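Note that the structure is predicted; figures quoted are calculated from it, not measured. Residue numbers begin at 1 in each chain, while the letters A, B, ... track the order of the sequences.
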Amino acid sequence: MKAEDYRERRIEIDGWEVNLASYKIGDTYYCHADNVSPGATITRAHGATREEAEQHAIEYSREHLSKTRVRAV
Amino acid sequence: MSSYNGVMSGYAVPEVLVSTAWVADHLDDPNIRLVEVDVDTKAYHEGHAPGALGWSWNTQLCDTVRRDIIPKDRFEALMAASGISNSTTVVLYGDNNNWFAAWAFWQMKIYGHEDVRLMNGGRKKWLAEGRELTLAQPAVTPVTYHAGGPDLSLRAFLPQVQAALTAGVAALVDVRSPQEFTGEILAPPGLPETCQRGGHIPGARNIPWGKTCNDDGTFKSPEELRSLYGAEGIDGSRPVIAYCRIGERSSHTWFVLKYLLGYNNVINYDGSWTEWGNLVGAAVETGAAKSAAA
């Protein structure tokens, strides 16, 4: 098997830039979300379609990102 | 970047970096052990390169009781169980442009493994190129392994960093994102805050690890890397201590400086900001870097 139709796109979630990488392996679509400049994985999700996998990743990312506090320096 | 037989030319130690094509051509080579090391350990189970083992950075590549790298006896056991002998060529790759693959590489060098390499571009490039994947775990015949070291010249501990700061004898390279460096945030967005204070070690230069990579996950050219670090006064003329939050992003930068640019005196401070930012009374600088390093 192979990863098919690998795509990346950047979106903004509550002010944070997020990179979504999505692809299909077998019958499942996967979506990996990272926070671009740090480049850390925020979440990994899957679904029956690309849209579903991305939507799960966006929801999980929003939940995690809501806990990040920004301080004045 | 030119490539001959999959080995990248132009870098200081080109043999430590192999292309995805080279790996694909060597999947059946019995003297090569391919290992995937991901930030998110679930990634391996989506599908991995045929024959690749998966190592978990947070259970297999660290001491799970005290905060430390994997102890020597457990490192030997991991290698033995992975079918890796002292003469095996180990090729590491992983997600996030090889973050934790570089962390594994660093630990393998601490314990003296001679032939360890990174797959340029990591898991991302392998997937994007539509290369073969499998869910199958490879069959492994355990072998005997004798670790060397530990070579602590590759690893900085807190007293060494404090002494270097006081004496001004080493350049500190903070490879975190600009917002972590300034102190606006305590951890990468979406990750748990694991330190009490934000900011950076006084005098550190901020050169985020991701600037060393192209969009496809591969490393930038030697010229681009020299320019990136040179602009911040990092040119190999004095020792460098790299740090990040927990030591994995900085092991990526350690790899770049030591093996791709050939700067010999580079060490990874894996205590990093989760140690320094929790110290009582430690000097902390916030905001942007004050001035270019000498």
Side-chain angles (χ1 to χ4, degrees), chain A residues 1-48 50 52-54 56-73, chain B residues 38-43 45-48 50 95-97 99-100 123-136 175-193 197-199 208-211 213 215-217 244-246 248-249 252 285-288:
Chain A
M1 64 186 190
K2 297 176 179 178
E4 299 171 50
D5 203 11
Y6 183 96
R7 292 185 208 169
E8 289 190 39
R9 67 186 180 101
R10 289 189 181 182
I11 62 170
E12 194 175 290
I13 300 177
D14 297 340
W16 298 106
E17 194 175 17
V18 173
N19 184 61
L20 299 176
S22 57
Y23 44 90
K24 184 184 180 191
I25 301 178
D27 294 329
T28 304
Y29 280 88
Y30 294 93
C31 182
H32 172 260
D34 72 69
N35 49 26
V36 184
S37 175
T41 296
I42 303 173
T43 192
R44 188 179 293 279
H46 63 273
R50 183 188 305 277
E52 186 181 321
E54 283 193 349
H56 287 323
I58 290 168
E59 287 167 13
Y60 299 150
S61 294
R62 178 168 285 118
E63 185 182 329
H64 290 302
L65 290 167
S66 70
K67 295 169 185 165
T68 296
R69 297 171 294 165
V70 179
R71 293 156 176 78
V73 293
Chain B
D38 297 311
V39 176
D40 179 351
T41 55
K42 292 192 294 289
H45 301 289
E46 288 179 357
H48 49 267
D95 62 0
N96 289 28
N97 298 353
W99 264 27
F100 274 98
R123 177 180 171 86
K124 170 180 176 168
K125 192 163 195 288
W126 189 269
L127 294 182
E129 291 175 343
R131 295 192 181 275
E132 194 64 30
L133 297 169
T134 183
L135 296 174
V175 313
R176 296 175 300 160
S177 63
Q179 281 184 297
E180 293 172 275
F181 181 84
T182 60
E184 289 174 90
I185 57 177
L186 297 184
L191 270 64
E193 295 176 346
R197 292 291 181 270
W209 75 281
K211 289 191 173 183
C213 296
D215 287 344
D216 67 355
C244 57
R245 186 176 70 110
I246 59 173
E248 89 295 8
R249 280 178 281 179
H252 188 277
E285 206 168 72
T286 58

Can you list the steps and then say if B/Glu46 with A/Thr28 is a side chain to side chain contact (heavy atoms under 4.5 Å, CB included)? CA-CA 9 Å; B/Glu46 288 179 357; A/Thr28 304; over 6 Å; no
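Surrounding CZ of B/Arg197 are at most 12 heavy atoms belonging to other residues, nucleotides or ligands under 6.0 Å away. For A/His56, the NE2 atom counts as densely surrounded, since its 6.0 Å shell holds more than 12 non-hydrogen atoms of other residues, nucleotides or ligands.
For the atom pair OG1 of A/Thr68 and CD of B/Glu184, the computed distance is 12.5 Å after rounding to the nearest 0.5 Å. Put simply, OH on A/Tyr30 and CG on B/Leu127 are 11.0 Å apart, with the number rounded to the nearest 0.5 Å. In this structure, NE2 in A/His32 is found 6.5 Å from CG in B/Asp40, a value given to the nearest 0.5 Å. The distance from the NZ atom of B/Lys211 to the OG atom of A/Ser37 is 8.0 Å, given to the nearest 0.5 Å. Note: B/Lys124 NZ to A/Glu8 CD = 3.5 Å, rounded to the nearest 0.5 Å.
Of all the heavy atoms in B/Leu135 and A/Met1, the pair that sits closest is CG-CE, 3.4 Å. In plain terms, the two heavy atoms of A/Asn35 and B/Pro188 that are nearest each other are ND2-CB, 3.4 Å. Summarising the geometry of A/Gly39 relative to B/Trp209, their closest heavy-atom pair is CA-CZ2, 4.1 Å, with the distance given to 0.1 Å.
When each of B/Asn97, B/Val175, B/Leu191, B/Asp215 is scored by its heavy-atom pairs under 4.5 Å with chain A, the top score falls to B/Leu191. For chain A, the option among B/Cys244, B/Ala43, B/Gly183 with the highest count of heavy-atom pairs below 4.5 Å is B/Ala43. Counting heavy-atom pairs closer than 4.5 Å to chain A, the top residue among B/Gly130, B/Gly210, B/Gly47, B/Pro192 is B/Gly130.
The side-chain heavy atoms of A/Arg44 and B/Val39, taken from C-beta on, include no pair separated by under 4.5 Å. Side chains of A/Pro38 and B/Gln179 form no contact here, defined as non-hydrogen atoms less than 4.5 Å apart.
The ring pair (Phe, Tyr, Trp, His ring centres under 6.0 Å) check on A/Tyr29 picks up nothing, with sequence neighbours excluded. Listed by chain and number, the residues in a salt bridge (charged side-chain N to carboxylate O under 4.0 Å, His left out) with A/Lys2 amount to none (sequence neighbours excluded).
When heavy atoms are compared at a cutoff of 4.5 Å, B/Arg249 approaches chain A solely by way of its side chain, counted from C-beta outward. Contact of B/Thr134 with chain A is made through the backbone alone, with heavy-atom distances under 4.5 Å. In this structure, chain A has heavy atoms under 4.5 Å from both the backbone and the side chain of B/Glu132. Proximity to chain A (any heavy atom under 4.5 Å) is restricted, for B/Arg131, to the backbone atoms N, CA, C and O. When heavy atoms are compared at a cutoff of 4.5 Å, A/Ala40 approaches chain B by way of both its backbone and its side chain. No part of B/Asp38 comes within reach of chain A, as not one of its non-hydrogen atoms sits under 4.5 angstrom from that chain. In this structure, the portions of A/Thr41 lying under 4.5 Å from any heavy atom of chain B include both its backbone and its side chain.
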